[in-house]
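A short worksheet on the structure shown next.
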Amino acid sequence: MMRSSCVVLTALVALAAYYIYIPLPSSVSDPWKLMLLDATFRSAQQLETGSQWKLLSSQSNLIHYLGLSHHLLTLNFIIISVGKKSAWSSAQVKVTDTDFDGVEVRVFEGPPKPEEPLKRSVVYIHGGGWALGSAKIKYYDELCMEMAEELNAVIVSVEYRLVPKVCFPEQIHDVVRATKYFLQPEVLQKYSVDPGRIGISGDSAGGNLAAVLCQQFSQDVNLKKKLKVQALIYPVLQALDFNTPSYQQNVNIPILPRHTMVKYWIEYFKGSYDFVQAMVVNNHTSLDEEEATALRAHLNWTSLLPASITKNYKPVVQTTGNARILQEIPQLLDARSAPLIADQEVLKHLPKTYILTCEHDVLRDDGIMYAKRLESADVEVTLDYFEDGFHGCMIFTRWPTNFAVGIRTKNSYIEWLDRNL
Ligand SMILES: *[C@@H]1O[C@H](CO)[C@@H](O)[C@H](O)[C@H]1NC(C)=O
Ligand SMILES: *[C@@H]1O[C@H](CO)[C@@H](O)[C@H](O)[C@H]1NC(C)=O
């Protein structure tokens with residue numbers, strides 16, 4: 001009896017280890033913890049696709065039973081039910097949920113500094129593939145709380161609408177509407193914000209929206225120069241080349257494997273998953289697509305990236321591809337989705353910029369190329385690179401999802417804001 005339960009236990013442990021174990025580069029921060037985090041994500045995803053629940057098919061699938069059919073909606077439902085926090089003020093930071101011109105926001109008002117009556121401010125846009133997350137989940141709530149306290153600042157965290165409720169370019173409209181509302185003199189005054197010290201920031205897909213908003217504002221005579229800095233955390237910046245060295249190197253690295261990133265893009269544009277495989281090999285931007293080929297010159301990494309990054313990776317350029325992809329999803333070539341392809345003329349009006357990139361991230365080279373292009377356009381840029389970082393690490397700073405590199409990236413980001421905002 002003893003022995004058989006021992007055997008069963010060993011088998012279970014082996015099965016769990018098999019499920020959790022994925023080969024990771026030894027240089028990544030806290031690899032076992034990252035495997036556990038990844039396994040959690042994968043289980044949540046499997047739960048939502050229902051594959052684990054087939055055995056219970058008589059009860060139908062739990063999730064469909066709840067009436068949530070769209071799988072991203074379901075995944076977000078899981079994330080939010082696990083981690084949503086209500087607006088809760090601390091002794092130092094006042095937290096309020098309100099709306100700015102119809103867009104929900106969570107506002108964090110840090111403690112005033114006696115010598116400075118007006119506060120600095122950051123408009124923050126959370127990540128999650130334009131489809132997941134919330135300003136109200138624990139991870140973003142804690143980040144903004146800490147920023148408000150350490151910078152004595154007002155942080156506006158935007159609860160923009162997500163896929164599948166809305167698609168491109170509605171997410172942009174939401175963040176633009178909320179930010180424009182906030183920038184009005186009477187609103188800034190209400191929150192005691194210094195109009196000359198406001199920044200825009202975001203991580204991942206939120207970094208994409210922040211970069212797009214910043215380009216849009218810098219082209220608008222009424223909004224030009226209203227933002228002092230932009231700070232982009234491992235931003236998503238282009239969907240033309242899914243074979244940059246970082247995409248090739250990190251193709252299966254958690255928590256953002258390449259095929260997942262391609263699917264987020266497709267969902268953002270309401271496109272078809274039938275194109276995933278073709279897009280992975282750059283069949284949407286083959287040489288017979290003239291416009292795409294011209295735009296790819298803006299992300300020509302053989303010239304934009306140093307040899308230490310390009311190593312032996314080869315560009316993937318198809319002679320002929322699949323013309324249906326751009327016919328059905330022309331937004332792939334829109335600079336409002338891919339700020340990296342904007343003209344130099346647009347880039348040169350951008351404010352001082354911070355870009356954080358991580359080695360173990362498919363998006364590493366999107367960030368490095370943007371830094372390089374901004375530098376060429378005479379914009380002051382800080383590229384903050386983390387050798388042991390992975391996509392998403394900056395929000396994982398507290399137990400049980402605490403990573404050494406999470407704390408270092410967050411501190412480095414907040415320090416940069418402190419010096420430059
Ligand atoms: C890419 O396009 C080429 C040319 O049309 C085609 O032969 C190939 O099968 C496509 N690859 C994928 C993965 O769709
Ligand atoms: C990219 O840059 C390299 C080196 O400067 C050049 O040889 C190549 O033609 C460029 N490719 C494109 C698509 O512009």
Side-chain angles (χ1 to χ4, degrees), residues 49 129 211 215 235-253 256-348 350 355 357 362-379 381 383 385:
T49 51
Q215 290 188 358
V236 190
L237 297 170
Q238 58 90 21
L240 285 78
D241 183 0
F242 293 113
N243 291 277
T244 60
S246 59
Y247 264 111
Q248 294 190 43
Q249 176 185 302
N250 302 302
V251 74
N252 286 318
I253 297 287
L256 187 66
R258 174 168 64 181
H259 66 92
T260 306
M261 188 62 239
V262 174
K263 285 180 179 172
Y264 280 134
W265 274 114
I266 289 177
E267 293 275 358
Y268 189 33
F269 299 137
K270 247 185 176 163
S272 159
Y273 273 2
D274 295 349
F275 296 142
V276 173
Q277 289 317 317
M279 284 168 65
V280 158
V281 297
N282 289 347
N283 259 5
H284 57 310
T285 52
S286 50
L287 289 173
D288 54 349
E289 294 286 347
E290 265 175 44
E291 193 190 351
T293 302
L295 289 171
R296 270 188 74 169
H298 286 328
L299 47 124
N300 182 354
W301 50 263
T302 53
S303 57
L304 286 170
L305 299 178
S308 58
I309 293 273
T310 54
K311 298 190 179 125
N312 290 322
Y313 293 109
K314 298 275 172 294
V316 174
V317 184
Q318 307 287 357
T319 319
T320 57
N322 181 344
R324 264 187 56 218
I325 305 176
L326 285 181
Q327 279 158 18
E328 288 186 26
I329 323 179
Q331 304 94 315
L332 283 161
L333 302 186
D334 191 325
R336 290 176 306 159
S337 74
L340 180 59
I341 61 176
D343 282 338
Q344 169 118 349
E345 219 20 63
V346 173
L347 301 187
K348 74 181 194 199
L350 290 171
I355 301 176
T357 59
V362 290
L363 301 174
R364 179 196 66 192
D365 299 341
D366 282 24
I368 303 179
M369 286 192 278
Y370 200 45
K372 185 77 199 218
R373 288 206 65 216
L374 290 178
E375 251 169 39
S376 310
D378 287 327
V379 174
V381 185
L383 183 63
Y385 164 77

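Whatever order the structure lists ligands and atoms in, that order sets their numbers, starting from 1. Quick caveat: nothing in here was measured; it's all calculated off a predicted structure.
- Not a single protein heavy atom sits closer than 4.0 Å to atom 7 (O) of ligand 2.
- With hydrogens left out, the protein atom closest to atom 9 (O) of ligand 1 is N283 ND2, 4.8 Å, a heavy atom.
- Regarding atom 5 (O) of ligand 2, its nearest protein heavy-atom neighbour is S303 CB, 3.7 Å.
- Within ligand 2, the atoms closer than 4.0 Å to a non-hydrogen atom of T302 are 1 (C), 2 (O), 3 (C), numbered from 1 in the order shown.
- Without hydrogens or angle criteria, S246 side chain to D365 main chain gives a donor-acceptor distance under 3.5 Å.
- Taking 4.0 Å as the cut-off, N322 does not count as a neighbour of ligand 1 on heavy-atom distance.
- Distance check for atom 11 (N) of ligand 2: a protein heavy atom is found below 4.0 Å.
- Side-chain contact between I325 and L332 is present, with heavy atoms from C-beta onward closer than 4.5 Å.
- The shortest N or O to N or O distance between G321 and ligand 1 is below 3.5 Å.
- In this structure, T260 and R258 have side chains that are not in contact, with every pair of non-hydrogen atoms separated by 4.5 Å or more.
- The pair K348-E345 meets the salt-bridge criterion, since a charged nitrogen lies less than 4.0 angstrom from a carboxylate oxygen.
- For F242 and H284, the ring centers are positioned less than 6.0 Å apart.
- Looking only at side-chain heavy atoms (C-beta outward), D241 and T285 stay at 4.5 Å or farther from each other.
- Shortest contact from atom 14 (O) of ligand 2 to any protein heavy atom: N300 ND2, 3.3 Å.
- With a 4.5 Å cut-off on side-chain heavy atoms, Y247 and D366 count as touching.
- Atom 13 (C) of ligand 1 has its closest protein heavy atom at Q277 O, 3.7 Å.
- Distances from atom 2 (O) of ligand 1 to the protein include at least one heavy-atom value under 4.0 Å.
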